[in-house]
Amino acid sequence: MASSNPTLRHQVIRIYKDLLYMGREYPQGYDYFRARLRKAFASQREVTDEAQIRKGLQRAEFVKKGIEALYYLKRYRTLRQRYDNLS
């Protein structure tokens with residue numbers, strides 16, 4: 001990403017770090033998640049058009065929300081299983 005807009009660069013770095021942090025609890029393991037994330041961001045490295053970068057940021061936010069939903073579902077199932085065992 002060689003954009004002349006430093007704000008977009010910071011947004012890309014922020015979403016990358018957020019996703020990397022969220023990947024610590026990924027079901028298939030952190031190393032698997034990190035490799036896939038790095039590959040996904042590296043494949044878009046040459047994009048310089050601001051519209052394309054913004055579209056990529058939207059896609060990354062969508063993925064972030066999906067991962068959050070996965071974690072909430074995992075937490076819900078765990079809590080439900082614990083409370084069902086008490087009854």
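Position 1 is the first residue of the sequence; numbering continues from there.
Within the 4.5 Å cutoff, no side-chain heavy atoms of Tyr76 are placed close to those of Tyr71. At least one side-chain heavy atom of Glu68 sits under 4.5 Å from a side-chain heavy atom of Tyr72. The shortest distance between side-chain heavy atoms of Leu57 and Leu8 falls below 4.5 Å. In this structure, the side chains of Glu25 and Tyr30 stay at 4.5 Å or more apart for every pair of heavy atoms.
The aromatic rings of Tyr16 and Phe41 sit perpendicular, their planes meeting at an angle over 60°, well past the 30° parallel limit.
Judged by the 6.0 Å distance and 45° axis criteria, Arg24 is positioned over the aromatic ring of Tyr21.
Hydrophobic clustering (ILVMFWY, side-chain heavy atoms < 4.5 Å, transitive): Ile13 and Met22 are in distinct clusters.
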Evaluation steps, side-chain contact (heavy atoms from CB on, under 4.5 Å), between Leu70 and Lys74
CA-CA 6 Å; Leu70 176 73; Lys74 181 180 174 185; 5.8 Å; no
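The pair Glu61-Arg14 meets the salt-bridge criterion, with a side-chain N (NZ, NE, NH1 or NH2) lying under 4.0 Å from an Asp/Glu carboxylate O.
To the nearest 0.5 angstrom, Tyr26 atom OH is 6.5 Å from Ile67 atom CD1. Rounding to the nearest 0.5 angstrom, the gap separating the CD1 atom in Ile15 from the CZ atom in Arg59 is 12.0 Å. With rounding to the nearest 0.5 Å, the separation of CZ in Arg77 from CZ in Arg82 is 15.0 Å. Taking CZ from Arg54 and CG from Asp49, the interatomic distance works out to 10.0 Å, rounded to the nearest 0.5 Å.
Applying the side-chain contact (heavy atoms from CB on, under 4.5 Å) test between Arg75 and each of Leu73, Thr78, Leu79 identifies Leu79 as the sole match.
Dense packing is recorded around NZ of Lys64, with more than 12 heavy atoms of other residues, nucleotides or ligands lying under 6.0 Å away.
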